[in-house]
2 protein chains.
Amino acid sequence: MTRRIPASTIRRLSHYLRSLEDLEASGDETVSSEELALRGQTTAAQVRKDLSHFGSFGKRGLGYRIEELSARLRQILGVDRVWKVALIGAGRIGSALFEYPAFESRGYECVAIIDSDPAKIGTYWSELQIHGPDDLESLLAELGVELVILAVPARAAQEMAERSVRAGIKGILNFAPIRLKVPRHVPVEDVNLVMELEALSFAITQHGSEP
Amino acid sequence: MTRRIPASTIRRLSHYLRSLEDLEASGDETVSSEELALRGQTTAAQVRKDLSHFGSFGKRGLGYRIEELSARLRQILGVDRVWKVALIGAGRIGSALFEYPAFESRGYECVAIIDSDPAKIGTYWSELQIHGPDDLESLLAELGVELVILAVPARAAQEMAERSVRAGIKGILNFAPIRLKVPRHVPVEDVNLVMELEALSFAITQHGSEP
DNA sequence: TTGTGTGAATCCCTTCACAGCG
DNA sequence: CGCTGTGAAGGGATTCACACAA
């Protein structure tokens with residue numbers, strides 16, 4: 001049904017969904033592509049083009065029914081269901097994510113925490129006991145984990161990724177500052193804070209040298 | 001000296017710099033664009049094109065002198081100096097960033113922490129005392145803060161951003177899931193974890209429906 | 001010979017503009 | 001009318017291919 005959707009489109013769909021949820025709360029029934037564009041820092045044509053990749057669910061002369069479109073976007077983005085997530089690495093970043101409120105409210109359920117620190121193994125975060133890394137594969141497989149959040153130091157990341165893939169997980173959100181080598185069918189999203197900071201300092205530095 | 005550098009180029013420069021630092025440690029003297037490409041998940045032509053935006057610092061038939069190129073990249077990315085950073089929001093994400101080891105080692109020095117929670121105001125993280133938001137403007141201005149990391153709830157983010165800009169800061173790393181409205185000359189980098197997760201679940205969902 | 005630097009060709013994303021439906 | 005959906009045009013970024021320097 002779909003072919004080659006640009007990554008930039010996906011990010012915008014995420015935005016549109018958030019805007020729609022705001023609009024739902026405000027009681028409106030429909031939106032135009034122009035209004036969505038305004039809230040998403042893009043253009044009306046772009047909104048329509050983005051949506052057209054997946055079908056045509058607007059009414060000409062009227063716009064999009066908010067409820068219908070948001071349901072469809074949830075479906076497209078795959079968030080019309082609950083994803084079972086394992087958190088590998090119970091350090092600072094792991095803890096921040098674990099408590100991130102948007103996390104559970106958006107359909108991501110953390111069902112396992114893994115860390116290699118003996119002082120942490122066996123302790124609890126909320127109801128969840130922290131496991132050591134030894135039985136990683138069987139643990140993930142038994143719990144039916146689909147998504148892994150990798151928040152371990154760079155040196156441990158590749159091994160944990162490989163073992164997770166072996167356990168049958170389907171995607172990785174990677175906070176370690178390395179390029180993971182995994183089979184092509186396992187998507188990886190990288191979050192690299194140093195890179196973001198460097199993009200920022202570049203932008204500032206350049207700005208100073210231009211009028 | 002430079003015009004219109006694509007954002008994707010900057011992210012790759014960041015990568016190259018990290019690769020170069022690895023190579024520096026391993027004692028080599030030179031790299032080819034091909035080797036850099038291999039480590040950066042891109043092509044040799046792309047590496048050369050990226051670098052050519054800023055000048056030509058390779059030697060034909062030989063490659064790039066590692067030390068020279070990494071120094072030049074640090075200069076380009078603006079990380080050949082120390083940036084004074086303020087952390088606004090001392091919650092989970094703030095705490096994770098504060099302890100992020102790459103942070104200080106890369107030239108970002110946190111000189112102030114601000115939070116509105118009365119229970120936190122006055123307490124210390126390492127040597128740094130947490131301030132309330134009341135005197136934000138004067139605090140940032142006095143300390144000469146250039147970069148702000150915004151790790152507060154969405155509802156507070158816009159106000160904190162505006163006040164930071166008024167205090168003369170030059171860039172914002174934003175973790176709040178909203179589009180900040182700030183003057184054009186203040187660059188903002190957004191880190192949106194929900195968006196990353198949604199990109200991942202989209203990729204997985206799509207993948208299943210294709211052979 | 002090796003590997004850079006770079007115009008030219010290509011590819012892909014965005015924007016335009018308008019036909020067509022409600 | 002008003003606003004969507006979409007081919008066509010436009011603009012950037014990536015890739016190609018080769019002249020040229022070491």
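Lettering follows sequence order; numbering is per chain, from 1.
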Test ring pair (Phe, Tyr, Trp, His ring centres under 6.0 Å) applied to F103(B) - qualifying residues, sequence neighbours left out:
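Applying ring pair (Phe, Tyr, Trp, His ring centres under 6.0 Å) to F103(B) gives none.
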
Listed by chain and number, what are the ring pair (Phe, Tyr, Trp, His ring centres under 6.0 Å) partners of Y100(A), not counting sequence neighbours?
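In terms of ring pair (Phe, Tyr, Trp, His ring centres under 6.0 Å), with neighbours along the sequence ignored, Y100(A) is linked to no residue.
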
What is the separation between atom [atom1] on [X] and atom [atom2] on [N], rounded to the nearest whole Å?
X: R4(B); N: dA13(D); atom1: CZ; atom2: P; answer: 9 Å
X: F57(A); N: dT4(D); atom1: CZ; atom2: P; answer: 13 Å
X: K59(B); N: dA21(D); atom1: NZ; atom2: C1'; answer: 11 Å
X: F54(A); N: dT4(D); atom1: CZ; atom2: C1'; answer: 17 Å
X: H53(A); N: dT4(D); atom1: NE2; atom2: C1'; answer: 15 Å
X: R60(B); N: dA17(D); atom1: CZ; atom2: P; answer: 19 Å

Of all of residues 17-49 of chain A, which get a heavy atom below 4.0 angstrom from DNA chain D, listed by number?
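Hits under 4.0 Å, by residue number: S32(A), S33(A), R48(A), K49(A).
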
Using a heavy-atom cut-off of 4.0 Å to chain A, what are the terminal contacting nucleotides of DNA chain C, in 5' to 3' order?
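So the outermost contacting nucleotides come out as dC13(C) to dG22(C).
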
Please find the pair of heavy atoms, one from I66(B) and one from D28(B), that lie closest to each other, and give the distance.
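Reported closest heavy-atom pair: CD1-O, 3.6 Å.
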
Check ion pair E68(B)-R72(B) (N to O, under 4.0 angstrom)
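Salt bridge flag = no for R72(B) with E68(B).
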
Could you tell me if the side chain of I113(B) sits less than 4.5 Å from the side chain of I88(B), heavy atoms only?
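Result no, sub-4.5 Å side-chain heavy-atom pair not found.
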
Can you give each donor-acceptor pair under 3.5 Å made by side-chain atoms of residues 41-49 of chain A, sequence neighbours left out, with the distance rounded to 0.1 Å?
unit_1	atom_1	unit_2	atom_2	d
T43(A)	OG1	Q46(A)	N	3.1
Q46(A)	NE2	D50(A)	OD1	3.1
R48(A)	NH1	S33(A)	OG	3.1

Residues forming a side-chain hydrogen bond (donor to acceptor under 3.5 Å, both in side chains) with Y108(A), sequence neighbours excluded
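Scan of Y108(A) (side-chain hydrogen bond (donor to acceptor under 3.5 Å, both in side chains), adjacent residues dropped) gives S201(B).
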
Checking R39(B) against E34(B) for the salt bridge (charged side-chain N to carboxylate O under 4.0 Å, His left out) test, could you report, in this order, the C-alpha distance in whole Å, the side-chain angles of both residues, the deciding distance, and whether it holds?
CA-CA 9 Å; R39(B) 295 170 173 254; E34(B) 193 170 337; over 6 Å; no

With a 4.0 Å cutoff (strictly under), does any side-chain N or O of Y64(B) reach OP1 or OP2 of dA22(D)?
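The answer is no; no side-chain N or O of Y64(B) sits under 4.0 Å from OP1 or OP2.
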
